[in-house]
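Written out below as structure tokens is the structure these notes cover.
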Amino acid sequence: MYVPHMFRFDNQPELVAFMNQYSFASFVTTVDQLPVATHLPFLVEEREGSVWLRSHLAKINEQAAQLNNTTALVIFSGPHAYISPEHYNKWESVPTWDYIAVHAYGQVTVIEDEAGKTALLEQTISFYEAAYQQRWNSLPEKYKTGMMQGLVAFEMEITKLQGAKKLSQNKTTEERERIATQLEASADNMEQTLGKAIRNLP
């Protein structure tokens, strides 16, 4: 990912928090020399200083057949918005787009054993809807086993993390104030969030 220096962020706790907050991400691998992507919910874990991503996809998904030991890219996208040049002091200005995103790279390991699959699914339930656990526990084992046979569970240790936080850092304080004010007044929650992020820049 191309990230000019002024837009980079590489603080690991901040990156991990961002991935947890925007955990529905794009999972990209190469199949027959072509990039292929699936949109998946991820679990983010820290283990002895390393960051791991865990998820699952349908066995019939074309990515699943060539998953083990492949290198993957996971793209976490956060708030973003069009930025009009009307906010800038100079007439010779053009529109742009402000955004926050994280790219995570790593090698995929398929979780083969049923106990490992079950643990992953239950961790996913706990993270996304803990109240569903009781219903999950009541489902027939035959049903759960059949469902898990149609899934491929996996994890990947992140070997490279890139964070981009393009929040009009290249503009004046006055210009950023105008941008943040307009975004915060938007009816769009994503634009409101981005406006707050611009306002809270150091």
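Worth knowing before you read on, the calculation uses all heavy atoms, side chains too, and leaves out hydrogens, waters and symmetry mates.
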Any pair with a residue in residues 110-119 that passes side-chain hydrogen bond (donor to acceptor under 3.5 Å, both in side chains), sequence neighbours left out, goes on the list, sorted by first then second residue, please. none

All heavy atoms of Val102 vs all of Gly163, minimum pair found to be CG2-CA, 4.3 Å

Test of understanding: with salt bridge (charged side-chain N to carboxylate O under 4.0 Å, His left out), list the residues that count as partners of Arg8, not counting sequence neighbours. none

Given side chains that start at C-beta, do those of Val74 and Met156 come closer than 4.5 Å, heavy atoms only? yes

Is it true that Ile179 and Tyr82 fall in one hydrophobic cluster, defined by side-chain heavy atoms closer than 4.5 Å? no

Pro41 backbone acceptor or donor facing Ser55 side chain under 3.5 Å: yes

What verdict does the side chain to side chain contact (heavy atoms under 4.5 Å, CB included) test give for Gln192 and Glu184, after you've listed the backbone C-alpha separation in whole Å, the side-chain angles of each residue and the deciding distance to 0.1 Å? CA-CA 4 Å; Gln192 293 173 17; Glu184 288 173 332; 5.5 Å; no

I want to check something: taking the side chain as every heavy atom from C-beta on, are His80 and Asp98 in contact at a cut-off of under 4.5 Å? no

Taken in chain and number order and not counting sequence neighbours, the residues that satisfy side-chain contact (heavy atoms from CB on, under 4.5 Å) with Ile75 are Ser26, Val28, Leu73, Ser77, His103

Find out if a path of hydrophobic residues (ILVMFWY) with successive side-chain heavy-atom gaps under 4.5 Å connects Tyr22 to Ile158. yes

Kindly write out the residues that satisfy side-chain contact (heavy atoms from CB on, under 4.5 Å) with Thr159, not counting sequence neighbours, or none if the list is empty. Tyr105

Should side-chain heavy atoms under 4.5 Å link Ile, Leu, Val, Met, Phe, Trp and Tyr, which residues sit in the same cluster as Leu120? Leu43, Ile111, Phe127, Tyr128

Taking Ser126 for its side chain and Glu122 for its backbone only, find out whether a donor-acceptor pair lies under 3.5 Å. no

Sub-4.5 Å side-chain heavy-atom contact between Thr172 and Arg176: no

As an exercise, state the distance from OG of Ser168 to CD of Glu175, rounded to the nearest 0.5 Å. 8.5 Å

Under the 6.0 Å and 45° cation-pi test, does Lys166 pair with Trp97? no

Answer yes or no: is there a donor N or O on one side and an acceptor on the other, between the side chain of Thr181 and the main chain of Arg178, under 3.5 Å? no

Parallel, tilted or perpendicular: which one describes the rings of Phe18 and Phe9, with boundaries at 30° and 60°? perpendicular

Rounded to the nearest 0.5 angstrom, the CD1-CD distance for Ile198 and Gln169 is 8.5 Å

Closest approach of Gly195 to Leu183 (non-hydrogen atoms, all atoms of both residues): CA-CB, 3.7 Å

Quick check on the hydrophobic clustering: are Val152 and Met148 connected, directly or via other members, by side-chain heavy-atom contacts under 4.5 Å? no

Leu167 and Leu194, any side-chain heavy atoms less than 4.5 Å apart: yes

All side-chain contact (heavy atoms from CB on, under 4.5 Å) counterparts of Glu129, not counting sequence neighbours: Tyr132

Under the salt bridge (Lys or Arg N to Asp or Glu O under 4.0 Å) rule, what pairs show up with a residue in residues 15-40, not counting sequence neighbours? none

Tell me, do Gln63 and Phe27 make a side-chain contact under 4.5 Å, heavy atoms counted? yes

When rounded to the nearest 0.5 angstrom, what is the spacing between CD1 in Ile125 and CG in Asn137? 8.0 Å

Test side chain to side chain contact (heavy atoms under 4.5 Å, CB included) applied to Phe76 and Ile100, step by step: CA-CA 9 Å; Phe76 296 85; Ile100 307 175; over 6 Å; no

Measuring from Arg199:CZ to Lys196:NZ, what's the distance to the nearest 0.5 Å? 10.5 Å

Please report the closest heavy-atom contact between Glu157 and Ser50, naming both atoms and the distance. OE2-OG, 2.9 Å

Which atom pair, heavy atoms only, marks the closest approach of Asn69 to Gln107? O-NE2, 3.2 Å

Approximate separation, where rounding is to 0.5 Å, of Leu161 CG and Met1 CE: 9.5 Å

Salt bridge (charged side-chain N to carboxylate O under 4.0 Å, His left out) involving Glu155 - partner list, sequence neighbours excluded: Arg47, Arg54

Sequence neighbours left out, what passes salt bridge (charged side-chain N to carboxylate O under 4.0 Å, His left out) with Glu62? Give chain and number order. none

If hydrophobic clusters are built by linking Ile, Leu, Val, Met, Phe, Trp and Tyr wherever their side-chain heavy atoms come under 4.5 Å apart, do Val16 and Trp52 end up in the same one? no

Do Phe154 and Leu40 make a side-chain contact, defined as non-hydrogen atoms from C-beta onward lying under 4.5 Å apart? yes

Which residues end up grouped with Ile60 if you chain together Ile, Leu, Val, Met, Phe, Trp and Tyr wherever their side-chain heavy atoms are less than 4.5 Å apart? none

Quick one: ring pair (Phe, Tyr, Trp, His ring centres under 6.0 Å) partners of Tyr88, sequence neighbours excluded? none

Can Tyr99 be reached from Leu15 by stepping across I, L, V, M, F, W or Y side chains whose heavy atoms are under 4.5 Å apart? no

Could you report the tightest heavy-atom contact between Leu121 and Trp136, atom names first, then the distance? CD1-CH2, 4.1 Å

Would a 4.5 Å heavy-atom cut-off, applied to side chains only, mark Leu151 and Lys59 as touching? no

Smallest separation among heavy atoms of Ala72 and Val108, with atom names: CB-CG2, 3.7 Å

Has Thr70 got a side-chain atom pairing as donor or acceptor with Leu67's backbone, closer than 3.5 angstrom? no

Sorted by chain and residue number, the ring pair (Phe, Tyr, Trp, His ring centres under 6.0 Å) partners of Phe7 (sequence neighbours excluded) come out as none

Report yes if some heavy atom in the side chain of Leu53 is under 4.5 Å from a heavy atom in the side chain of Val44; otherwise report no. yes

Would you indicate whether Glu86, at its atom CD, is surrounded by more than 12 heavy atoms from other residues, nucleotides or ligands within a distance under 6.0 Å? yes

